[in-house]
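Report on the structure given below.
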Amino acid sequence: GRYALYQMRETSELIREILPPADYQQRNGFTNDSIILSLSEQEKVAVEKKLITILKFSDDTLIGETLAFMKSKDSLPSLRKKLSQTSKPVLRILWSSYINQIKEGDQEMKDIAFEEFKRVRGKYSLIPLFWTLKSFCDERINERIGKYINHKDSLVSYNARVALGLPTDTKREK
């Protein structure tokens with residue numbers, strides 16, 4: 001009854017905690033996993049519905065990431081729409097990764113990520129993507145990440161190695 005509703009935290013308040021302003025100070029290193037894990041079942045349902053609604057008017061990838069973490073099957077049509085609305089390789093990889101995560105593996109999404117990976121340029125785009133790309137658990141994608149393990153830029157090679165679980169100490173003498 002009324003008491004249960006009273007105990008439930010305000011959805012709008014939760015959304016503010018889950019989606020801080022999209023600037024570097026607020027988002028750098030931010031994760032909302034612990035907030036999501038602390039939600040009651042009622043709160044989860046309310047938050048999921050609200051995030052799907054917000055997604056219709058927003059390109060914020062943190063919404064997709066959150067819905068993927070929540071394993072929100074109801075968000076799949078909205079996530080597919082975001083995927084189809086962008087031609088940017090980095091965004092296509094991110095949106096497809098969320099769908100892949102919710103579906104616990106999806107060949108179509110793996111194929112999209114594999115193709116888009118070829119189009120990614122610039123180390124600051126590549127480096128954070130290695131982890132996302134590894135999450136597809138796809139041999140072809142991992143093989144392509146492997147092509148970066150001896151990259152001339154040490155930051156690129158280091159992150160490719162870490163993503164693949166390889167030793168990062170490449171200067172070691174035996």
Side-chain angles (χ1 to χ4, degrees), residues 18-20 22-37 48 51-52 54-56 58-172:
I18 292 165
L19 301 175
D23 60 58
Y24 183 80
Q25 275 71 30
Q26 312 255 4
R27 291 278 177 96
N28 185 33
F30 175 79
T31 172
N32 59 26
D33 298 3
S34 60
I35 302 166
I36 299 300
L37 292 170
E48 179 186 14
L51 288 173
I52 294 169
I54 297 169
L55 190 58
K56 289 182 173 76
S58 170
D59 293 324
D60 188 345
T61 54
L62 182 58
I63 299 170
E65 189 182 313
T66 306
L67 288 163
F69 182 74
M70 294 175 82
K71 295 274 189 250
S72 167
K73 294 208 184 323
D74 290 348
S75 71
L76 287 168
S78 302
L79 292 170
R80 284 186 175 280
K81 192 168 187 192
K82 288 293 163 196
L83 176 60
S84 70
Q85 286 172 339
T86 185
S87 59
K88 293 181 177 146
V90 171
L91 289 174
R92 288 184 56 79
I93 291 168
L94 290 173
W95 293 119
S96 64
S97 78
Y98 306 143
I99 295 166
N100 185 67
Q101 191 178 335
I102 293 167
K103 295 183 86 180
E104 295 178 4
D106 182 281
Q107 195 55 52
E108 182 195 357
M109 296 304 125
K110 291 176 182 191
D111 294 343
I112 289 170
F114 180 71
E115 289 307 314
E116 295 297 338
F117 189 6
K118 296 174 188 171
R119 298 176 50 216
V120 177
R121 299 287 172 263
K123 72 175 180 180
Y124 296 107
S125 295
L126 268 175
I127 290 171
L129 274 183
F130 288 143
W131 288 101
T132 303
L133 288 160
K134 180 76 173 98
S135 76
F136 284 93
C137 302
D138 183 280
E139 274 310 303
R140 302 164 308 161
I141 293 172
N142 292 348
E143 211 172 283
R144 186 163 299 142
I145 296 169
K147 291 184 173 149
Y148 289 94
I149 64 173
N150 295 314
H151 195 274
K152 63 183 186 299
D153 187 302
S154 61
L155 210 55
V156 173
S157 64
Y158 174 85
N159 282 280
R161 287 172 178 278
V162 170
L164 292 174
L166 298 171
T168 53
D169 186 4
T170 55
K171 301 280 183 276
R172 198 170 35 211

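Just so we're clear, the structure is a prediction, and the values are computed from it rather than from any experiment.
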request  = Identify the two heavy atoms, one from Phe130 and one from Asn159, that lie closest to each other, and give their separation to 0.1 Å.
outcome  = CD1-C, 3.7 Å
task = Locate the shortest heavy-atom distance separating Ser125 from Val90; write the atom from each residue and the value.
result = CB-CG2, 4.0 Å
request  = Kindly give the heavy-atom pair with the smallest separation between Asn142 and Leu133, and that separation in Å.
outcome  = OD1-O, 4.5 Å
ask   = Is there side-chain contact between Ile112 and Ile93, with at least one heavy-atom pair below 4.5 Å?
value = no
Member of Ile52, Ile99, Leu51 meeting the side chain to side chain contact (heavy atoms under 4.5 Å, CB included) criterion with Ser75 = Ile52
inquiry  = Does atom CD (Gln26) have a neighbourhood of more than 12 heavy atoms from anything else shown, all under 6.0 Å?
reply    = yes
Pair Glu108 + Arg80: basic N to acidic O under 4.0 Å = yes
note = Tightest non-hydrogen contact, residues Lys56 and Lys82, listed as O-NZ, 4.0 Å
task = Evaluate the side chain to side chain contact (heavy atoms under 4.5 Å, CB included) criterion for residues Tyr158 and Ile127: first the C-alpha distance (whole Å), next the side-chain angles of each, then the deciding distance (0.1 Å), finally the verdict.
result = CA-CA 9 Å; Tyr158 174 85; Ile127 290 171; over 6 Å; no
ask   = Do the side chain of Asn100 and the main chain of Asp106 share a donor and acceptor less than 3.5 angstrom apart?
value = yes
Separation between CD of Glu65 and CE of Met70, rounded to the nearest 0.5 Å = 13.0 Å
More than 12 heavy atoms of other groups within 6.0 Å of Gln85 CD = yes
message = Quick check for you: to the nearest 0.5 Å, what is the distance between Ser97 atom OG and Leu129 atom CG?
response = 9.0 Å
Lys71 (side chain) donor-acceptor with Gln101 (main chain) under 3.5 angstrom = yes
key: Heavy-atom donor-acceptor pair, Asn28 side chain to Tyr24 backbone, under 3.5 Å   = no
ask   = Does Asn32 reach the main-chain N or O of Ile35 with its side chain, forming a donor-acceptor pair under 3.5 Å?
value = no
ask   = Counting distance only, does the side-chain N/O of Arg161 pair as donor-acceptor with the main-chain N or O of Leu166 below 3.5 Å?
value = no
Donor-acceptor contact present, side-chain Arg92 to main-chain Glu116, <3.5 Å = no
Distance-only polar pair, side chains of Thr31 and Asp33, donor-acceptor under 3.5 Å = yes
message = Please give me the minimum heavy-atom distance between Asp59 and Trp95, naming the atom from each residue.
response = O-CZ2, 3.7 Å
message = What I'd like to find out is whether the side chain of Leu67 reaches to under 4.5 Å of the side chain of Ser78, using heavy atoms alone.
response = no
inquiry  = Has Ser58 got a side-chain atom pairing as donor or acceptor with Leu55's backbone, closer than 3.5 angstrom?
reply    = no
query = Salt bridge or not for Lys123 and Asp153, using N-O below 4.0 Å?
reply = yes
message = So which atom in Pro89 and which in Val120 form the shortest heavy-atom distance, rounded to 0.1 Å?
response = CB-CG2, 4.0 Å
request  = Flag yes if more than 12 heavy atoms outside Phe30 fall under 6.0 Å of its CZ atom; otherwise flag no.
outcome  = yes
query = Say you draw a straight line from NZ of Lys81 to CG of Leu76; how long is it, rounded to the nearest 0.5 Å?
reply = 15.0 Å
ask   = Out of curiosity, Arg144 CZ to Asp138 CG, how far, rounded to the nearest 0.5 Å?
value = 10.0 Å
request  = Flag the pair Arg27 and Asp60 as a salt bridge only when some basic side-chain nitrogen lies within less than 4.0 angstrom of an acidic carboxylate oxygen.
outcome  = yes
task = To the nearest 0.5 Å, tell me how far Leu79 CG sits from Lys103 NZ.
result = 11.0 Å
query = Between Asn150 and Ser157, do the side chains contain an N or O donor and an N or O acceptor separated by less than 3.5 Å?
reply = no
task = Would you confirm whether the ring centroid of Phe136 sits within less than 6.0 angstrom of the ring centroid of Phe114?
result = no
query = Any donor-acceptor pair under 3.5 Å linking the side chain of Tyr98 with the backbone of Thr66?
reply = no
key: Spacing of OG1 belonging to Thr86 relative to CG belonging to Leu94, to within rounding of 0.5 Å   = 10.0 Å
message = Is the ring pair Phe117/Tyr148 parallel, tilted or perpendicular, if the boundaries are 30 and 60 degrees?
response = parallel
